Amino acid sequence: MKIGYPCINRSIGCTSNKTFRLKSYSEEKMITTISNNLLCLKKILQYNINHNIFFFRISSDLVPFASHPICIFKWQHYFKNDFKEIGEIINQNKIRISMHPDQFIVLNSIKEDVVKRSINELIYHAEVLDLFNLDFSAKIQLHIGGAYGDKKRSMQRFIDNYLTLNEKIKKRLIIENDDKIYSVKDCLMISEKTHIPVLFDTFHHCLLNYNESIKECIYQIQKTWQQKDGIPMVDYSSQQPNSTKGKHAESIDLIDFIDFINQTKPTDLDIMLEIKNKEKSAQQAEQLLRQDKRFYHPVIIRE
DNA sequence: TCACGTCAAGCAGAT
DNA sequence: ATCTGCTTGACGTGA
């Protein structure tokens, strides 16, 4: 079991998702920005290692405009050695990595150009993980997409479009339940036909479900992960008290977290904490688990 | 130096 | 029709 947090570290004073305006695009800006982002990513990973955090989501903005037609700069070649060096840090320290393309990536869109742009963005994500030389346990997590007034057909469109993807993406793509349209059950149905691993998001599940317990969900989703996919990933977050429904909490509620951990036994999971204060909550959770051995050493269920 | 309008991109649901 | 939220900030112009 590893504990992680997404994209941003608030403690070290730099970010790995620096960008600039499309209007001011230049090769020079690409070089300075990507240099900054890779250097900062290295610092974040080093910080994480020093604080026993071995799961991290790399920002999709690591290389700005990577899949935009304006970008003809061969960043993959220019930064080859930097990627290799960071990849070695990741591999040597057995850091689990995920990426999460943002809301514009809709594989099941009814608009052909949206699908095309989405696939280009997925190619970029897979390229990043390949340049780090990571195995196929490094994943790209994606929601199913829109419903367009016909959920069944929209699910089929997701499957059809998924089947057209190249192997480099297919080996890394995983699907995640969302809070409005596609529940865990829907993801499992798609997984049954495609063998895509399902990432369970607890908070989304609380907002959209068919009354399945967390225990039941964990049992079902862990079956979708094969050996080569690594330990199942889970997104954990909780509701910010006294705020609009669906808003992520500012800091972790450790009582709620332990309650969740107890419900996931005996399955081993890597848990991504989607909580605003990022590394602070991750450290708290990690310390709690490390200090109390009852929560570690889970029995692994495998088919 | 700082405030704040705006930023490549989609979609659904609320207002 | 327009705004908000999503993993959410942060760029960069103009005062």
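Here the structure is a predicted model, which means the values were calculated and not measured. Naming convention: chains lettered A, B, ... in sequence-line order (proteins, then strands); numbering from 1 in each chain.
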Checklist entry - Is the Tyr162(A) ring parallel, tilted or perpendicular to the Phe158(A) ring (thresholds 30°, 60°)? => result parallel
Checklist entry - Separation of Leu207(A) atom CG from dG5(C) atom C1', in whole Å? => result 12 Å
Next on the checklist: For the P atoms, the ones on dG14(C) and on dA8(B), what distance do you get once it is rounded to whole angstrom?
Outcome noted: 16 Å
Item to check | Nearest-0.5 Å distance, CG of residue Leu107(A) to OG of residue Ser154(A) | outcome: 12.0 Å
Side-chain donor-acceptor distances from residues 54-61 of chain A under 3.5 Å, at least two apart:
residue, atom, partner, partner atom, Å
Arg57(A), NH1, Glu274(A), OE2, 3.1
Arg57(A), NH2, Asp235(A), OD1, 3.4
Arg57(A), NH2, Asp235(A), OD2, 3.3
Arg57(A), NH2, Glu274(A), OE2, 2.9
Ser59(A), OG, Asp61(A), N, 3.0
Ser60(A), OG, His100(A), O, 3.3
Ser60(A), OG, His125(A), NE2, 2.8

Checklist entry - Does the side chain of Glu216(A) come under 3.5 Å of the side chain of Gln220(A) through a donor N or O and an acceptor N or O? => result yes
Checklist entry - Distance between the P atoms of dT6(B) and dT4(C), in whole angstroms? => result 13 Å
Checklist entry - Taking NZ from Lys23(A) and P from dC7(B), how many angstroms apart are they, rounded to a whole number? => result 7 Å
Next on the checklist: Please report the distance, rounded to the nearest Å, between CG in Asp61(A) and C1' in dC6(C).
Outcome noted: 14 Å
Next on the checklist: Please report the distance separating the P of dC11(B) from the corresponding atom of dC11(C), rounded so that it comes out in whole Å.
Outcome noted: 28 Å
Item to check | Pairing annotation in dot-bracket form, given for DNA chain B with Watson-Crick or G-U pairs under 3.5 Å and | for cross-strand partners | outcome: |||||||..||||||
Next on the checklist: Using a strict heavy-atom distance below 4.0 Å, which residues from residues 99-129 of chain A are in contact with DNA chain C?
Outcome noted: His100(A), Pro101(A), Asp102(A), Gln103(A)
Checklist entry - Expressed in angstrom and rounded to an integer, what is the separation of Asp179(A) atom CG from dT7(C) atom C1'? => result 12 Å
Checklist entry - Tyr25(A) OH to dC11(C) P: how many Å, rounded? => result 17 Å
Checklist entry - Rounding to the closest angstrom, what is the interatomic distance between dT8(C) and dG5(B) at atom P? => result 23 Å
Item to check | Atom pair CD1/CG of Ile95(A) and Asn93(A) - distance to nearest 0.5 Å | outcome: 5.0 Å
Checklist entry - Picking from dA12(B), dG12(C), dA8(B), which would you name as closest to the side chain of Phe20(A)? => result dG12(C)
Item to check | Gap in Å between the two P atoms, one belonging to dA10(C) and one to dG10(B), rounded | outcome: 23 Å
Checklist entry - Can you tell me if the side-chain N/O atoms of His204(A) get under 4.0 Å from OP1 or OP2 in dT7(C)? => result yes
Item to check | CG on Asp82(A) to NZ on Lys42(A), rounded to 0.5 Å | outcome: 7.5 Å
Checklist entry - Which heavy-atom pair separates Pro197(A) from Leu173(A) by the least distance, and what is that distance? => result CD-O, 3.9 Å
Next on the checklist: Can you identify which nucleotide, out of dA12(B), dT7(C), dC11(B), has its nearest atom closest to the Ile181(A) side chain?
Outcome noted: dA12(B)
Checklist entry - Closer than 4.0 Å, any side-chain N/O of Ser67(A) to the OP1 or OP2 of dA9(B)? => result no
Checklist entry - Quick one: CD1 on Ile123(A) to CD1 on Ile140(A), what's the gap to the nearest 0.5 Å? => result 10.5 Å
Checklist entry - Taking for each residue the nucleotide of DNA chain C bearing the nearest heavy atom, is the 5' side occupied by Lys278(A) or by Lys180(A)? => result Lys180(A)
Checklist entry - Counting any heavy atom closer than 4.0 Å, what does Phe65(A) reach on the DNA or RNA strands: base, sugar-phosphate only, or nothing? => result base
Next on the checklist: How many whole angstroms separate atom CG of Asp178(A) from atom P of dG10(B)?
Outcome noted: 18 Å
Next on the checklist: Once side chain to side chain donor-acceptor pair (under 3.5 Å) is applied, do any residues pair with Lys29(A), and if so which ones, sequence neighbours excluded?
Outcome noted: none
Next on the checklist: Quick check on contacts: within residues 6-19 of chain A, what sits under 4.0 Å from DNA chain C by heavy-atom distance?
Outcome noted: Thr15(A), Lys18(A), Thr19(A)
Next on the checklist: For a quick test of reading the model: is some side-chain N or O of His143(A) closer than 4.0 Å to OP1 or OP2 of dC11(B)?
Outcome noted: no
Next on the checklist: Could you measure the distance from the CD1 atom of Ile89(A) to the CD atom of Gln46(A)? Nearest 0.5 Å is fine.
Outcome noted: 5.5 Å
Checklist entry - What is the nucleic acid contact for Ile70(A), judged by heavy atoms within less than 4.0 Å: base, sugar-phosphate only, or nothing? => result nothing
Next on the checklist: Check whether Asn37(A) reaches the backbone of Lys18(A) with its side chain - one donor and one acceptor, N or O, closer than 3.5 Å.
Outcome noted: yes
Item to check | disulfide bond (SG atoms under 2.5 Å apart) involving Cys71(A) - partner list, sequence neighbours excluded | outcome: none
Checklist entry - CG of Leu22(A) versus P of dC7(B): gap in Å, rounded? => result 11 Å
Item to check | Rounded distance (nearest 0.5 Å) linking atom NZ of Lys139(A) with atom CD1 of Ile174(A) | outcome: 7.0 Å
